[in-house]
Amino acid sequence: QVQLVESGGGSVQAGGSLRLSCAASRYTYRYACMGWFRQAPGKERERVAAIYTVGGSTVYADSVKGRFTISQDNAKITLYLQMNSLKPEDTAMYYCAARSPASWYNCYSDSFAGAYHDWGQGTQVTVSS
């Protein structure tokens with residue numbers, strides 16, 4: 001099991017930006033798919049973005065498309081989520097997650113949390129109006 005640690009969360013005003021990072025403290029194998037999930041109180045966990053690490057293809061939830069960007073730094077074994085034009089509705093605990101092996105099709109289509117086997121502890125993002 002690889003330990004994933006998120007950072008970069010905080011409180012911002014609507015319209016602001018944050019950049020989340022997810023670092024692997026131990027890297028034992030290459031992840032095929034990595035994603036960012038979020039969960040607000042009383043709501044289900046939602047995948048906001050995922051990236052296929054081999055080719056770099058990405059997929060986003062409609063709610064964040066055009067505002068969030070997922071990226072990776074393989075050399076640093078780090079996953080990022082750049083969040084721009086933040087809205088109060090984006091307030092949630094954000095988690096990074098990973099799975100391997102998987103095809104791009106699997107990465108794209110399997111948006112449910114159960115498909116991912118390694119998880120970080122989360123970082124809180126709060127957006128005020």
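Just so you know, these numbers come straight off a predicted model, no measurement behind them. Any value given below was found using the heavy atoms of this structure, including those in side chains, with hydrogens, waters and symmetry copies removed.
Qualifying side-chain contact (heavy atoms from CB on, under 4.5 Å) partners for S111, counting only residues two or more places apart in sequence or in other chains: R47. Taking R67 as the reference, D90 meet the salt bridge (charged side-chain N to carboxylate O under 4.0 Å, His left out) condition, with sequence neighbours excluded. For Q82, the side-chain contact (heavy atoms from CB on, under 4.5 Å) partners at least two apart in sequence or on another chain are S17, R19, T69, N84. When the salt bridge (charged side-chain N to carboxylate O under 4.0 Å, His left out) test is applied to D110, the partners found at least two apart in sequence or on another chain are R99. By the ring pair (Phe, Tyr, Trp, His ring centres under 6.0 Å) test, Y108 is found to be paired with W104, residues two or more places apart in sequence or in another chain being considered. Y94 is linked by a ring pair (Phe, Tyr, Trp, His ring centres under 6.0 Å) to nothing, counting only residues two or more places apart in sequence or in another chain.
The line from SG of C22 to CG of D73 is 12.5 Å long, rounded to the nearest 0.5 Å. Distance check, rounded to the nearest 0.5 Å: OG of S71 to CG of L81 gives 8.0 Å.
By the rule that hydrophobic residues join a cluster once side-chain heavy atoms approach within less than 4.5 Å of another member, V48 and L86 end up as members of one cluster.
In this structure, V125 and L20 have side chains that are in contact, with non-hydrogen atoms separated by less than 4.5 Å. Contact annotation: the side chain of F68 never approaches that of L18 to less than 4.5 Å [non-hydrogen atoms, C-beta and beyond]. Within the 4.5 Å cutoff, no side-chain heavy atoms of Q3 are placed close to those of D118.
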Listing, residues 5-15 side-chain donor-acceptor contacts under 3.5 Å, not counting sequence neighbours, or none:
{"from": "E6", "atom 1": "OE1", "to": "Q121", "atom 2": "N", "distance (Å)": "2.9"}
{"from": "E6", "atom 1": "OE1", "to": "G122", "atom 2": "N", "distance (Å)": "2.7"}
{"from": "E6", "atom 1": "OE2", "to": "C96", "atom 2": "N", "distance (Å)": "2.9"}
{"from": "E6", "atom 1": "OE2", "to": "G122", "atom 2": "N", "distance (Å)": "3.2"}

Anything under 3.5 Å between a donor and an acceptor, one on a side chain of residues 57-65, the other on a protein residue two or more places apart or in another chain? List them.
{"from": "Y60", "atom 1": "OH", "to": "I70", "atom 2": "N", "distance (Å)": "2.9"}
{"from": "S63", "atom 1": "OG", "to": "R38", "atom 2": "NH2", "distance (Å)": "3.3"}
{"from": "S63", "atom 1": "OG", "to": "E46", "atom 2": "OE2", "distance (Å)": "3.2"}

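The shortest heavy-atom contact between M34 and A98 is CG-CB, 4.0 Å. Minimum interatomic distance between Y52 and A32 (heavy atoms only, all atoms of both residues): CD1-O, 3.1 Å. Shortest non-hydrogen contact noted between P88 and S128 is CG-C, 4.5 Å. When every heavy atom of S100 is checked against every heavy atom of H117, the shortest pair comes out as N-NE2, 2.8 Å.
Under the disulfide bond (SG atoms under 2.5 Å apart) criterion, the residue pairs touching residues 98-129 are C33-C107, with sequence neighbours excluded. Within the structure, no pair that satisfies the salt bridge (charged side-chain N to carboxylate O under 4.0 Å, His left out) test touches residues 49-59, not counting sequence neighbours.
Using the six-membered ring where Trp is involved, W119 and F37 have ring planes that are tilted, between 30° and 60° apart.
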